[in-house]
Protein chains: 2
Amino acid sequence: MYNKLIDHIKQNVPGASIEKQIIEAYFTPKIFEKKEHFLMQGYTCTRAGFVIEGCYRNYMLSTEGKEVNTGFGFENWWLGDVSSFVNQTPTLINTQFLESTTLLTITAKNHFDLLERSQCFREYTNKLRSKATTASVLKLSELSESARTRYKVLLEKYPKIQQRISQKQIASFLQITPEALCRLRKFKISE
Amino acid sequence: MYNKLIDHIKQNVPGASIEKQIIEAYFTPKIFEKKEHFLMQGYTCTRAGFVIEGCYRNYMLSTEGKEVNTGFGFENWWLGDVSSFVNQTPTLINTQFLESTTLLTITAKNHFDLLERSQCFREYTNKLRSKATTASVLKLSELSESARTRYKVLLEKYPKIQQRISQKQIASFLQITPEALCRLRKFKISE
DNA sequence: GAATAGTCTTGATGTAGATCAACGATTTTG
DNA sequence: CAAAATCGTTGATCTACATCAAGACTATTC
């Protein structure tokens with residue numbers, strides 16, 4: 001199980017020497033059931049998690065209280081809100097599992113310690129952070145496209161997403177109704 | 001001029017001792033004319049800048065080539081794309097001045113050096129980074145609202161924005177046409 | 001494994017905002 | 001300062017998507 005994390009570090013920091021023993025000691029496995037929350041708006045993010053198996057969605061609440069999905073995560077993704085985690089302030093993000101999910105978790109304090117102790121974990125974290133910034137900026141510009149275009153882009157990026165994520169959840173991510181997505185699919189597929 | 005930067009650091013890292021001399025030595029003043037670009041898609045962000053006076057917009061290009069404003073900045077704001085700046089990779093962001101603007105600029109290399117040499121600049125940078133993450137996540141959820149609501153929220157957040165930013169630019173930020181914004185204002189104001 | 005709840009689909013109808021066009025007011029440029 | 005470009009406004013029309021409703025199919029739950 002820990003090897004999935006170590007492999008992921010290797011992929012992102014190629015050539016670095018991995019302090020395998022040190023890193024592993026800091027993580028605790030945890031299993032969450034489908035529909036459970038990892039993080040909820042208003043709470044402070046005390047743990048980060050690395051997905052060994054399963055998937056989740058991030059969503060926010062609009063001012064009218066409607067849930068809006070902001071992204072999905074699968075194996076080898078991290079969950080937790082960086083801003084809330086680093087500053088120990090309340091988060092605006094909700095994270096809910098869409099399948100029964102196995103994580104390796106680490107507390108904020110331990111994460112901080114590990115960054116001090118492990119050079120390669122520091123590089124790994126930096127790498128992921130800058131990747132995440134790019135991704136979130138990208139999404140903003142995509143929202144100016146029509147729902148049809150955004151759906152097309154989504155499918156190109158994650159062709160397998162339909163096997164894992166329900167249409168209702170995908171619709172919320174595209175910020176359209178499930179009905180609209182259903183109609184979109186009919187035309188999209190035949191194109 | 002340098003005092004504006006030092007004051008901003010003081011505000012964000014209260015109580016810290018400011019290495020004034022060291023910090024100031026790393027920055028170079030620069031003046032940009034209205035409509036000049038600080039950053040363009042495809043280029044690498046080699047400098048960051050702190051706005052002493054003036055304002056700018058950030059925009060991205062949609063796949064159809066349309067400009068979409070992602071934000072505005074004024075006095076005491078930083079400009080530059082963190083991801084491009086830190087990793088020295090091409091950016092996706094365009095930054096253009098909307099007024100003649102005076103900056104204090106710093107190169108990527110010097111920024112890196114300064115982070116090593118100054119404890120308070122390190123804390124200051126961390127503080128700003130985590131703030132920025134929160135802000136960009138916020139905007140995503142706001143986009144699920146109607147243009148009317150987004151406009152209202154914008155005015156509540158930055159009541160003075162209409163004095164500085166043209167309707168065309170605000171419309172691009174709200175992701176509606178200038179015509180639509182014009183009509184919105186008529187009702188909005190009378191409400 | 002029967003009852004219940006949630007999901008997907010399709011149809012009818014409503015609406016926010018886009019697009020196109022035109023004109024005065026303002027700003028920019030030579 | 002005159003010419004040209006850009007901006008803000010208003011009207012007419014069009015369209016992508018929302019909303020509401022209702023039936024079939026699929027998962028949960030006890």
Does the plane of the ring in B:Phe121 sit parallel, tilted or perpendicular to the ring in B:His111? Use 30° and 60° as the thresholds. perpendicular
With a cut-off of under 6.0 Å to the ring centre and 45° to the axis, is B:Arg148 in cation-pi contact with B:Tyr151? no
Its contact letters, B for base, S for sugar-phosphate only and - for none at protein heavy atoms under 4.0 Å, make nucleotides 25-30 of chain D read ---S--
Tabulate below the donor-acceptor pairs under 3.5 Å that side-chain atoms of residues 38-56 of chain A make, not counting sequence neighbours, or state none.
unit_1: A:Arg47; atom_1: NH1; unit_2: A:Thr105; atom_2: OG1; d: 2.7
unit_1: A:Tyr56; atom_1: OH; unit_2: A:Trp78; atom_2: O; d: 3.0

Between C1' on D:dC17 and CD on A:Gln175, what's the gap in Å once rounded to a whole number? 13 Å
Give me the distances for all protein-to-nucleotides 7-11 of chain D N/O pairs that come in under 3.5 Å?
unit_1: D:dC7; atom_1: OP2; unit_2: B:Lys168; atom_2: NZ; d: 3.1
unit_1: D:dG8; atom_1: OP1; unit_2: B:Gln167; atom_2: N; d: 3.1
unit_1: D:dG8; atom_1: OP2; unit_2: B:Lys168; atom_2: N; d: 3.2
unit_1: D:dT9; atom_1: OP2; unit_2: B:Gln167; atom_2: OE1; d: 3.0
unit_1: D:dT9; atom_1: OP2; unit_2: B:Gln167; atom_2: NE2; d: 3.1
unit_1: D:dG11; atom_1: N7; unit_2: B:Arg183; atom_2: NH1; d: 3.0
unit_1: D:dG11; atom_1: O6; unit_2: B:Arg183; atom_2: NH2; d: 3.2

Output the rounded distance in Å from CG (A:Leu184) to C1' (D:dA18). 14 Å
I'd like to check the side chain to side chain contact (heavy atoms under 4.5 Å, CB included) partners of B:Glu33; sequence neighbours left out, ordered by chain and number. B:Ile31, B:Glu36, B:Ser100
A:Lys34 meets the side chain to side chain contact (heavy atoms under 4.5 Å, CB included) criterion, sequence neighbours left out, with none
I need the CZ-P distance between A:Arg150 and D:dC17, as an integer number of Å. 7 Å
I need the CG-P distance between A:Leu181 and D:dC17, as an integer number of Å. 11 Å
Reading DNA chain C in the 5' to 3' direction, which nucleotide is the first one with an atom under 4.0 Å from a heavy atom of chain A, and which is the last? C:dT7 to C:dA12
To the nearest angstrom, the CZ-P distance between A:Arg148 and D:dA16 comes to 8 Å
Between A:Gln169 and A:Arg164, a side-chain donor and acceptor under 3.5 Å: no
Quick one: which of B:Asn94, B:Asn69, B:Thr95, B:Thr70 gives a side-chain hydrogen bond (donor to acceptor under 3.5 Å, both in side chains) with B:Asn58? B:Thr95
Residues at least two apart in sequence or cross-chain that pass salt bridge (Lys or Arg N to Asp or Glu O under 4.0 Å) with B:Glu179, listed by chain then number, are none
Looking only at non-hydrogen atoms, find the nearest pair between A:Asp81 and A:Leu92 and report the distance. OD2-N, 4.3 Å
Quick one: salt bridge (Lys or Arg N to Asp or Glu O under 4.0 Å) partners of B:Lys35, sequence neighbours excluded? none
Please identify each residue that fulfils side chain to side chain contact (heavy atoms under 4.5 Å, CB included) with A:Lys127, with sequence neighbours left out. A:Asn12
Salt bridge (Lys or Arg N to Asp or Glu O under 4.0 Å) partners of residues 113-124 of chain A, not counting sequence neighbours, each pair once: A:Lys109-A:Asp113
Degree of bending, the helix from C:dG1-D:dC30 to C:dG30-D:dC1 (end axes from five pairs; round to 10°): 70°
By side chain to side chain contact (heavy atoms under 4.5 Å, CB included) - contacts of A:Asn87 (at least two apart): A:Ser83, A:Thr89, B:Ser130
